[in-house]
Amino acid sequence: MSTRHFLTLLDLTSDELRTLVKRASELKAIRNRGEIYEPLKNQVMAMIFEKSSTRTRVSFEAGMAQFGGHAMFLSPRDTQLGRGEPISDSAKVISSMVDVVMIRTFSHALVEEFSANSSVPVINALTDEYHPCQLLADMQTYFEHRGDIQGKTATWIGDGNNMCHSYINAARQFDFKLNIACPEGFDPDPALVEANKERVFITRSPEEAVTGSDLIVTDVWASMGQEEEQKEREAKFAGFQVSPELMDKANKDAIFMHCLPAHRGEEVSEDMLDDPRSVVYDEAENRLHAQKALLEFLLAK
Ligand code: CP
Ligand code: NVA
């Protein structure tokens with residue numbers, strides 16, 4: 001069989017994604033029972049980070065170690081990647097020595113080019129366009145707290161960014177409705193919206209968006225690489241803050257997620273992350289379990 005990659009949620013079928021999310025909860029239980037499970041003994045993951053990370057690095061590195069394998073951190077600062085070695089050469093060479101490659105970078109095209117030249121699975125650990133690993137954890141978290149998300153309504157508040165794009169793909173793959181409330185000029189990719197128009201609805205009103213919603217999600221107003229736009233974005237996104245008061249307008253059993261890191265006082269009120277409806281720390285922990293399920297799916301014999 002040809003090498004499978006995970007660049008967006010569309011690289012797996014709906015059935016594969018559902019199985020993977022269930023498996024993530026099983027792997028979590030195995031770890032919580034203290035059982036040793038090492039399906040990736042002697043396997044090595046290369047982790048290429050061109051942007052900062054806490055959760056992604058810790059979860060992949062810990063996950064590989066718990067599976068009996070090894071993870072290797074590579075930064076452009078001290079590899080030839082930062083000195084302009086072609087992506088195709090880097091992909092051929094790195095993939096000849098390891099079993100799986102994880103990349104966090106700016107351009108989605110770079111990850112596509114790397115995967116096209118890689119002999120082993122490539123995982124997108126965030127590009128400017130998509131963040132599919134986070135969605136595995138988010139879906140696992142919703143299933144664990146509220147059961148199946150099929151037929152439910154989720155609401156995205158804020159920037160039409162990489163996370164928002166991955167939510168659109170998740171809505172398609174897990175069959176839920178997605179309301180998106182973003183300020184004018186910050187809509188998600190129109191082609192992606194158009195391709196999913198039967199389930200994706202854009203509004204300028206956070207209040208309208210959360211009404212009838214089961215899951216509320218937001219993210220920072222300025223993503224990595226947009227630091228210079230921070231001040232301008234703060235002005236344009238005022239009014240798009242998720243707070244307990246906004247949550248009160250959603251369904252009674254609605255929960256709140258944020259991929260983190262969060263900026264309290266900007267996209268979330270000071271008290272939102274500690275509200276009983278917030279599941280953000282479970283969501284963060286689930287990065288570990290969901291990505292272990294992904295690694296097992298891509299690599300285990
Ligand atoms: N949510 C997320 O990807 O966090 P990090 O940037 O810390 O990896
Ligand atoms: N949209 C954010 C997500 C961080 C995990 C960013 O790209 O910086």
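A quick note: this is a predicted structure, and the numbers were derived from the prediction, not measured. Whatever order the structure lists them in is the order used to number ligands and atoms, beginning at 1.
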Indicate yes or no: does Asp214 engage Lys177 in a salt bridge with an N to O separation below 4.0 Å.
-> no
Would Arg31 and Glu285 pass as an ion pair if we require N to O under 4.0 Å?
-> no
Distance from atom 3 (C) of ligand 2 to nearest protein heavy atom, with residue and atom | Asp219 OD2, 3.6 Å
Which residue owns the protein heavy atom closest to atom 8 (O) of ligand 2, what's the atom, and how far is it?
-> Met224 N, 2.8 Å
Compute both the distance and the angle, then confirm whether Lys292 meets the cation-pi test with Phe67: under 6.0 Å from the six-membered ring centre, within 45 degrees of the axis.
-> yes
List every atom of ligand 2 that sits less than 4.0 Å from any heavy atom of Leu126, numbering the atoms from 1 in the order shown and giving each element.
-> 3 (C), 4 (C), 5 (C), 7 (O)
Per-atom contacts, ligand 2 versus Asn161 - under 4.0 Å to a heavy atom = 1 (N)
Can you list the residues that meet the side-chain contact (heavy atoms from CB on, under 4.5 Å) rule with Glu228, with sequence neighbours excluded?
-> none
Non-neighbouring partners of Asp78 that pass side-chain contact (heavy atoms from CB on, under 4.5 Å), sequence neighbours left out | Ser75
Of all heavy-atom pairs between Asp148 and Lys152, which one has the smallest distance, and what is that distance?
-> O-CE, 3.7 Å
Measuring from each atom of ligand 1, which residues have a heavy atom under 4.0 Å away?
-> Ser53, Thr54, Arg55, Thr56, Arg104, His131, Gln134, Cys259, Leu260, Arg287
Looking only at distances, please establish whether an N/O atom of ligand 2 is found under 3.5 Å from an N/O atom of His131.
-> no
Does any N/O atom on Val220 come nearer than 3.5 Å to any N/O atom on ligand 2?
-> no
Cut-off 3.5 Å, no hydrogens considered: what does the side-chain donor-acceptor table look like for residues 114-123, sequence neighbours left out?
| residue | atom | partner | partner atom | Å |
| --- | --- | --- | --- | --- |
| Ser115 | OG | Val111 | O | 3.3 |
| Ser115 | OG | Glu112 | O | 2.9 |
| Asn117 | ND2 | Glu113 | O | 2.9 |
| Ser118 | OG | Val120 | N | 3.1 |
| Ser118 | OG | Val120 | O | 2.6 |
| Ser119 | OG | Ser95 | O | 3.3 |
| Ser119 | OG | Ser95 | OG | 3.1 |

For ligand 2, the portion of Asp128 having any non-hydrogen atom under 4.0 Å away = neither
Check Asn162 against ligand 2 and report side chain, backbone, both or neither, counting heavy atoms closer than 4.0 Å.
-> side chain
Geometric class of the [Y]/[X] ring pair [parallel <30°, tilted 30-60°, perpendicular >60°]:
X: His165; Y: Tyr130; result: tilted
X: Trp156; Y: Tyr167; result: tilted
X: Phe186; Y: Phe237; result: tilted

